[in-house]
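Working notes, structure below.
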Amino acid sequence: MPHFVNKTRTLERSIASCGAVAPSPVPPHEGRRQALLGSAALIALTAAGRSAYARQPLPQPTEDAAFSTFPRALQVPGGVARLSLGPAADRPDARTAAGVPVLVRGDAIEWTAVVGIPLATEAGDAWITVQERSGVERRVAYRVAQKRYVEQRLKVAPGQVDLSARDLARYERERSHLQSVETSFTAPAAGLTSLEMQPPVPGRKSSSFGLRRMFNGQARNPHSGMDIAAATGTPVRAPLAGRVIDTGVYFFNGNTVWLDHGGGLLTMVCHLSRIDVQPGDVVKQGQTYCAVGATGRVTGPHLHWSVMLNQAMVDPALFLPT
């Protein structure tokens, strides 16, 4: 669980219950895309009777329409915004206000920016910058709604809250490395036609995304993923096809694996008992690549699963079928 904490504090994980996120309606522009596809087909039929010299090539869809429903849009902190960029011959370059590259999917008929909204985002207006291949730059605005996540107040022994000097030094070394992992960005995978994920393990969701904990009155970073209750040794399957970009043993997370799915979409699983892959390996959706455990700072075996989009931890439930 790569939640970066205060230098003198730690977060003690415990198994709680995870809340499901209600899906948002499909954005209107995706209905428009289907209408455009229908119009293109009609034009093609009309043009069939014209001479070859009068015919013009029509934009052809290059990605499966299934991507249009995943992830579901939920414009709140820790959620996802789906923003229409309109038609263009080439994939536009989109970036957050902070300059972080954004995942752009679609085709010449309709491009869509899929934007992860950081948990720390304040409610209000937000925007991304879009640069066309022609060099024209524009802003696309959206609004972030307020969301109040569950808060949990716990009292624990002081030694469970503050890091020793030795543990703090280790944490600082690991944090620097993990920050470099989280900034990974590769081109969207050409063969990845849908962003619908499958749960990495079956089981009860046991800790809510965004849960805010107070230890002895001291605030800690929100829970940045989904915990799934499972026994040690339970096989963990890749939620989506991807490439392994990092494996390691970390102070908080224990045995950990990061996958890169392209376009700034990453997933991470931790507290593992076993890791069966190494950096550079490519895994298919549903392929076993590690096993559930209780390594790192945990109170019992379970799987912690995080989804990161443009360097923002977002709710994994938005990528799962309901």
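The OG1 atom of Thr267 lies 6.0 Å from the CE atom of Met197; values are rounded to the nearest 0.5 Å. In this structure, Tyr250 OH and Cys270 SG are separated by 11.0 Å, a value rounded to the nearest 0.5 Å. Taking NE2 from His261 and CG from Leu103, the interatomic distance works out to 11.5 Å, rounded to the nearest 0.5 Å. Rounded to the nearest 0.5 angstrom, Asp281 CG and Tyr289 OH are separated by 12.5 Å. The CD1 atom of Ile117 sits 16.0 Å away from atom CE of Met313, with the distance rounded to the nearest 0.5 Å.
With sequence neighbours left out, the side chain to side chain donor-acceptor pair (under 3.5 Å) criterion links Ser164 to Asp167. By the side-chain contact (heavy atoms from CB on, under 4.5 Å) test, Val249 is found to be paired with Arg170, Asn255, residues two or more places apart in sequence or in another chain being considered. When the side-chain contact (heavy atoms from CB on, under 4.5 Å) test is applied to Ala145, the partners found at least two apart in sequence or on another chain are Val76.
Looking at Asp227 and His271, their side chains never bring a donor and an acceptor atom within 3.5 Å of each other. Between the side chains of Asp260 and Thr186, a donor-acceptor pair is found at a separation under 3.5 Å. If you check the side chains of Thr288 and Arg237, you find a donor sitting under 3.5 Å from an acceptor. Judged purely by distance below 3.5 Å, without hydrogens or angles, the side chains of Gln278 and Thr247 never pair a donor atom with an acceptor atom.
Between Pro239 and Gln285, every side-chain heavy-atom pair lies at or beyond the 4.5 Å cut-off. Counting heavy atoms from C-beta outward, Val257 and Val244 have side chains that approach closer than 4.5 Å. Residues Pro71 and Leu195 have side chains in contact (heavy-atom distance under 4.5 Å, counting atoms from C-beta outward). The side-chain heavy atoms of Phe319 and Leu265, taken from C-beta on, include a pair separated by under 4.5 Å.
Among all heavy-atom pairs drawn from Pro200 and Leu303, the shortest one is CG-CD2, 3.6 Å.
Distance alone, capped at 3.5 Å, is enough to place a donor-acceptor pair between the Arg72 side chain and the Leu320 backbone.
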